[in-house]
Amino acid sequence: MKRFPAITANPKVASFRSIPAATQPWKESGSPWKSTLFRLLQSHEIDEAARFFARIPSPGVQLYTMMINGYCRINRLDQAFRLFERMPARDAAAWNSMIKAALDCGELDLGRKLFDEMPGRNVISWTTMVNGLSQFGRVDAAEDLFFRMPLRDTAAWNAMISAYCDNGRVADARSMFDKMPQPNLISWTAMIGGHDQNGESDKALCLFSELWMTRMKLTPRTYACILTVCANASELQLGIQLHAHLVRTSYSLDPFVSTSLVNLYAKCKQIEDSSKLFTEKQEKDVVSWTALITGYGLNDRHEDALKEFDKMTASPVRPNQSTFTSALNSCCGLQALERGKKIHATTVKLGLDLDMFVKNSLIVLYSKCGDIDDSLTLFNCMDRRNLVSWNSIIMGCAQNGYGSFAIELFDDMTKLNVQPDEITYTGLLTACSHSRMLEKGRNIFHMLERDPSVEVKLEHYSCMVDILGRCAMFEEAEELIRNMPMEPNATIWLALLSACRIHANIEVARRISKKVFDIDPENSATYVLLSNIYASAGQWNDVSQTRLMMRSRGITKVPAASWITLKGMRHEFVCGDRSHPMATEVYKKLDWLVGKLKELGYIHDTRFALHDVDDEQKEAVLAYHSEKLALAFGLISTVEGMGFVLVEIAGDLGCVGGAFAAQLGGSGDDGQEHGLRHRRERAFSSPSTCNYTEPSYTAVKVAP
DNA sequence: GTAGGGTTAG
């Protein structure tokens, strides 16, 4: 019985024809050498295998081919080729193995040359070549070859379906799948996986239900693929049903299936189940461990993610670039720059720092932690960049106040013909809002509206409202919101409300706060903002009414906090906090620092003091702002004289500081965490008061 | 167990 009913050529016959008759005696079936050579090659003892091979008197074509495949697996193309040339005779399998070796080792031209020269090409030769062309992204050439094939069996169709899927042409793959004569389980699995990997998990699920109805017997390979679809589509219920079925059939013990299950539960926010399955898993390899680490990150359990990463590095399992990407993302989530730097050092040790995905994660880590200089250095040193690299650095510059530079980077990117996506535009609009570039912001928004390959999202409107609001263009901002194609959410109104705070626009604030109360009455930010707006205008009645409303609805505000990480320990402070064991010393140091700043001419900007108190008291509140407490603690806990302490005055945060050799972080009214900027060895400059554009810096020399 | 097509993390 034929395995594939659609087979129209018998490859065995073709290969037999291509062997010269004189070589037949070598092709003995029960070669005594074969099993030993096979065992050595299986256990990757290629050099031992080569020594063994050298001792075989006149080895047959099969043994040569086995050696060629062995060399191919470890990328030793030259040695494979030398053997191929030495072969006394070559059959189709030998040629096909050599073509595959060339293609797998990155030599497309050699592979093609061998294919063209090969006598008696069979269907496997053509399929190998189609697959090779696809791996080099040459899907058009693969397609051309596929249609020129003299005979096509199911495997050939499958290769072409995969070629389309792997090169983003999933619709072509699907039309091929729909019209192929005899799809088998491999075809179904390739097509389901192809939909999923091209962001069409819904279509993948539909196709799976069709497959299920065929009552075909599925293998662990197909199950592993389906479980991934469930994970990407957040189809936990289906995933659980499949899991039960897999336990009954013992397929759940398959290493691929069990890894898919770890991933499924992690992506569906069932991280405890995911962790349990990982613990029960027999072989903990790099893929499953990375799935778990990534899972902790997705579930905002960054500390646990790094704990797992540490466990893994202490084990014999070697992390790879994907593991590092996930670990670095968790450092980013914790604003743990020092830890991230240690992990960065490990990537260098393992030679993985050159990987583009690792580099991208590092760019995000450094810029999110306020170290835009190092982030830029990394970006500039990249030999290859993808869209994620550009988006990361543009957003990094935007968030660190280098708005104009972010725009310049975008110009560089377009000159290199890199097409922007939604995230690029968000980065650009963020740049305009943080650096108060109104005209630029309008231009970019128009560019976004005209870009046919990008959909204008809610977050883009939110950024644009922010830009207009910061520049006091209230009418234009409200008009933009009115004309939006989707319903505005609370974030958009809050962007406008915070503009009202900056520009003390009580009229607009009163009107729009009603809208936010309707959409999201639980959001404490609205009450706090509104109360502050009234406070800055001295309307104390409205202030107390707002606070009363907040209290009566049982809404509490999580106080903004700042922290400093020293020697891996996180020390957290809130405004006026005296609970820290070193509080007395902290306050003493802070008073000293404030004195120094005053000598230099620094004036507190008291416009945003939120309390019903006079100016002197407002200043006291601002002076013991949580960020400053964290900074002062950093000063007394690090060796004095080891560098400059930099005090940065930027944005509407008032005074933000950072200490050399320590890392500061904080969380604001919105509960969002941010890395406070810190710089090293900046020139001593005169202090300035609050501005809203590029940040300016003041350096204070720490007394030795 | 000489050669081609589908499986897990990012």
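Remember, predicted model here, so these are calculated numbers, not experimental data. Note: hydrogens, waters and symmetry copies are ignored here, and every other heavy atom, side chains too, is used.
- Side-chain N/O atoms of A:S322 and base N/O atoms of B:dG10 include a donor-acceptor pair closer than 3.5 Å.
- Note on A:K267: a side-chain N or O is less than 4.0 Å away from OP1 or OP2 of B:dG10.
- Counting to the nearest Å, the C1' atom of B:dG5 and the CG atom of A:N158 are 5 Å from each other.
- Distance A:I68 CD1 to B:dG4 P: 13 Å, rounded to the nearest Å.
- One N or O donor and one acceptor, one from the side chain of A:T127 and one from the base of B:dG4, sit under 3.5 Å apart.
- Salt-bridge annotation for A:D140 and A:R169: present, with a side-chain N of the basic residue lying under 4.0 Å from a carboxylate O of the acidic one.
- Nearest nucleotide to the A:C225 side chain, out of B:dT7, B:dA9, B:dA3: B:dT7.
- Of the listed nucleotides (B:dT2, B:dT8, B:dG4), B:dT2 has the atom at the smallest distance from the side chain of A:M66.
- Residue ring and base: A:F256 counts as stacked with B:dT7 (centre distance below 5.5 Å, interplanar angle below 30°).
- You won't find any donor-acceptor pair under 3.5 Å spanning the side chain of A:D285 and the base of B:dA9, going by distance alone.
- For the pair A:I99 CD1 and B:dT2 C1', the interatomic distance rounds to 14 Å; values are reported in whole Å.
- Looking at the side chain of A:N69, the nearest of the listed nucleotides B:dT8, B:dG4, B:dT2 is B:dT2.
- At a threshold of 4.0 Å, the pair A:K307-A:E303 does not count as salt-bridged, since none of the basic side-chain nitrogens sits closer than that to a carboxylate oxygen.
- Here the P atom of nucleotide B:dT7 and the CG atom of A:L264 are 18 Å apart, to the nearest Å.
- A:R51 is linked by a side-chain contact (heavy atoms from CB on, under 4.5 Å) to A:D47, A:E48, counting only residues two or more places apart in sequence or in another chain.
- Spacing between atom OH of A:Y251 and atom P of B:dG6 amounts to 19 Å, rounded to whole angstrom units.
- Taking the ring centre of A:W95 as origin, the terminal cationic atom of A:R121 falls outside the region bounded by 6.0 Å and 45° from the ring axis.
- Residue A:S125 places no side-chain atom within donor-acceptor reach of the base of B:dG4, judged by atom type and a 3.5 Å distance cut-off alone.
- Heavy atoms of A:T222 sit under 4.0 angstrom from at least one base atom.
- With respect to the salt-bridge test (charged N to carboxylate O, under 4.0 angstrom), the residues A:R112 and A:E107 do not qualify.
- Not one side-chain nitrogen or oxygen of A:N263 sits closer than 4.0 Å to the OP1 or OP2 atom of B:dT8.
- Nearest nucleotide to the A:I186 side chain, out of B:dA3, B:dT2, B:dG6: B:dG6.
- We find that CD1 of A:I226 is positioned 10 Å from P of B:dT8, with the value rounded to whole Å.
- Between the CD1 atom of A:I192 and the P atom of B:dT8 there is a distance of 12 Å, given to the nearest Å.
- Nearest to the side-chain atoms of A:I124 among the listed nucleotides B:dT2, B:dG5, B:dG4 stands B:dG4.
- Nucleotide B:dG6 holds its P atom 11 Å from the CD atom of A:Q197, rounded to whole Å.
- A:L185 comes within contact range of at least one nucleobase, with a heavy-atom separation under 4.0 Å.
- Between A:T228 and B:dA9 there is a side-chain N or O to OP1 or OP2 distance below 4.0 Å.
- Within the nucleic acid shown, A:S35 comes within 4.0 Å of at least one base atom, counting heavy atoms only.
- A:S260 contributes no side-chain N or O that forms a donor-acceptor pair with the base of B:dT8 under 3.5 Å.
- Set against B:dG6, B:dG4, B:dG5, the side chain of A:N184 has B:dG5 as its closest nucleotide.
- Here the side chain of A:A291 is nearest to one of B:dA9, B:dG10, B:dT7, namely B:dA9.
- Here A:S288 lies out of heavy-atom contact (under 4.0 Å) with every strand.
- A cation-pi arrangement is not found for A:R221 relative to A:F256, the charged atom failing to lie both closer than 6.0 Å to the ring centre and inside a 45° cone about the ring normal.
- In this structure, A:S258 reaches neither bases nor backbone, as no heavy-atom distance under 4.0 Å exists between it and the strands shown.
- Between B:dT8, B:dG4, B:dG1, one nucleotide has an atom nearer to the side chain of A:K100 than all others, and that is B:dG4.
- Put simply, the side chain of A:R90 gets close to the backbone of A:F84: a donor and an acceptor are under 3.5 Å apart.
- Residue A:A156 is in base contact, counting any heavy-atom pair closer than 4.0 Å across all strands shown.
- In this model, no side-chain donor or acceptor of A:D153 finds a partner on the base of B:dG5 within 3.5 Å.
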